[in-house]
Amino acid sequence: MKNIAGKVVVITGASSGFGECTARHLASLGAKVVLGARRQERLADICSSIRDAGGQAAYRQTDVTRREDVQGLVDLALSEFGRLDVMINNAGLMAIAPLDADKVEEWDAMIDINIKGVLYGISAALPVFRKQNSGHFINLSSVGGIKVSAPGGVVYSGTKFAVHAISEGLRVEAGPNIRTTTLSPGAVDSELKYGSSDPAAAAAMVEFYKTAIPTQTIADTIAFAISQADNVDINDIVLRPTSQEF
Ligand code: NDP
């Protein structure tokens, strides 16, 4: 694939699911990947297996709800590899539950991770992209960011609608030479389905995810967006299992 080898790619939420799979895939295509998440041991293992396979990778323990952590992750990309080409704002939490369950702590966590985490990623990367006059944001929304998934997914959908709005505004403000891709998947196999503490909603999610498609589909889609010519901006991608209506 063109236009990927040598690029420096920061990925939040890289300790599992989309982030891990994308890091491995992009590294196999010659990108230099910088991984952030809270579970440091997993990041260390993923990085060493990428290096064992001949790839280049670095990691930093990162909680995206802490602005200084996200800044530190971007700073690591610059100190380790000298530039930043792609910022993948991927870290996320899906804590499904009806509003009546009153899971206010999980609402707060989703807002902090899914919205503020993306904004901190923009805050850290945009000045670098401005200086370079190039860069690419890839922000993870969801089909729940296009259609409200109620009952249960109201706050999650709210955060993913916000990602859509922020990404579209970012695209307009960023102007030429900075690309913005919003990715909105349906059910894709990962640890995301285990995010709710509400027993009925958690069981429903496990059922819903029985037809989930593999994480490699996300890694392939992200590679497709990155591999376009520099003046081509793939703005919005929606992908679902063929069996999924929502
Ligand atoms: P996973 O649960 O497998 O991965 C989520 C990642 O986010 C983990 O690496 C986790 O790492 C990280 N994370 C969670 N909280 C934080 C935090 N505070 N700081 C830093 N990292 C954090 O799920 P997916 O790979 O499926 O999810 C990736 C993204 O894709 C999410 O934004 C999700 O909403 C979105 N998405 C997923 C869909 C799916 O069906 N799987 C569908 C639509 C969208 P750690 O716990 O180590 O910090």
Side-chain angles (χ1 to χ4, degrees), residues 1 11-26 28-29 37 42 46 88-101 103 106-107 109-110 113-115 117-118 138-168 180-228 233-246:
M1 262 183 157
I11 307 173
T12 67
S15 59
S16 65
F18 298 1
E20 173 183 356
C21 187
T22 301
R24 291 182 187 279
H25 186 56
L26 295 178
S28 78
L29 297 171
R42 283 208 188 195
I46 296 163
I88 307 182
N89 290 308
N90 165 73
L93 171 68
M94 181 179 73
I96 301 294
L99 294 171
D100 284 325
K103 300 275 185 188
E106 289 176 4
W107 300 351
M110 285 190 282
I113 297 166
N114 300 0
I115 303 178
V118 170
I138 299 180
N139 298 327
L140 265 295
S141 181
S142 164
V143 290
I146 298 169
K147 187 174 168 186
V148 179
S149 91
V154 175
V155 179
Y156 180 70
S157 269
T159 65
K160 294 301 187 178
F161 267 74
V163 172
H164 253 113
I166 290 162
S167 291
E168 173 56 11
T180 305
T181 300
T182 311
L183 189 53
S184 302
V188 183
D189 195 29
S190 73
E191 297 176 10
L192 195 77
K193 57 183 171 288
Y194 304 122
S196 175
S197 67
D198 182 76
M205 277 302 103
V206 171
E207 190 58 35
F208 181 72
Y209 270 78
K210 279 188 175 158
T211 57
I213 52 179
T215 46
Q216 186 63 40
T217 57
I218 299 295
D220 290 341
T221 303
I222 287 176
F224 168 76
I226 298 173
S227 70
Q228 301 305 307
D233 195 0
I234 302 283
N235 298 132
D236 248 305
I237 300 178
V238 184
L239 72 157
R240 301 176 170 84
T242 50
S243 58
Q244 184 178 330
E245 187 276 326
F246 169 69

Distance from [X] atom [atom1] to [Y] atom [atom2], nearest 0.5 Å?
{"X": "K147", "Y": "E245", "atom1": "NZ", "atom2": "CD", "result": "4.0 Å"}
{"X": "D236", "Y": "T182", "atom1": "CG", "atom2": "OG1", "result": "5.0 Å"}
{"X": "F18", "Y": "I11", "atom1": "CZ", "atom2": "CD1", "result": "12.5 Å"}
{"X": "E20", "Y": "E191", "atom1": "CD", "atom2": "CD", "result": "8.5 Å"}
{"X": "L183", "Y": "L239", "atom1": "CG", "atom2": "CG", "result": "6.0 Å"}

Least distance between heavy atoms, [X] atom then [Y] atom:
{"X": "D189", "Y": "T215", "result": "O-CG2, 2.8 Å"}
{"X": "G13", "Y": "N90", "result": "O-ND2, 3.1 Å"}
{"X": "I226", "Y": "L26", "result": "CD1-CD1, 3.9 Å"}
{"X": "A223", "Y": "L29", "result": "CB-CD1, 4.1 Å"}
{"X": "G144", "Y": "S157", "result": "O-OG, 2.6 Å"}
{"X": "L140", "Y": "I88", "result": "CD2-CG2, 4.3 Å"}

For residues 205-214, tabulate all N or O donor-acceptor pairs below 3.5 Å that involve a side-chain atom, not counting sequence neighbours.
{"unit_1": "E207", "atom_1": "OE1", "unit_2": "K210", "atom_2": "NZ", "d": "2.9"}

Sub-3.5 Å donor-acceptor pair from the side chain of [X] to the main-chain atoms of [Y], do we have one?
{"X": "Q244", "Y": "A187", "result": "yes"}
{"X": "S196", "Y": "I96", "result": "yes"}
{"X": "K193", "Y": "M94", "result": "no"}

Should F161 and V148 be marked as a side chain to side chain contact (heavy atoms under 4.5 Å, CB included) after you check the CA-CA gap, both sets of side-chain angles, and the distance that decides it? CA-CA 9 Å; F161 267 74; V148 179; 4.0 Å; yes

H164 and S141: side-chain donor and acceptor closer than 3.5 Å?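 Yes, S141 and H164 have a side-chain donor paired with an acceptor closer than 3.5 Å.
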
Could you walk me through whether L93 and T159 pass side chain to side chain contact (heavy atoms under 4.5 Å, CB included), step by step? CA-CA 10 Å; L93 171 68; T159 65; over 6 Å; no

Run the numbers on D233 and T181 for side chain to side chain contact (heavy atoms under 4.5 Å, CB included), then give the verdict. CA-CA 7 Å; D233 195 0; T181 300; 4.3 Å; yes

Test log, rule side chain to side chain contact (heavy atoms under 4.5 Å, CB included), inputs V238 and V143: CA-CA 7 Å; V238 184; V143 290; 4.0 Å; yes

Does Y194 OH have over 12 foreign heavy atoms under 6.0 Å away?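 No, OH of Y194 has 12 or fewer neighbouring heavy atoms, counting only those of other groups under 6.0 Å.
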
Testing T221, D220, I222 for side-chain contact (heavy atoms from CB on, under 4.5 Å) with I218, which one passes?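 Running side-chain contact (heavy atoms from CB on, under 4.5 Å) over T221, D220, I222 with I218 returns exactly one hit, I222.
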
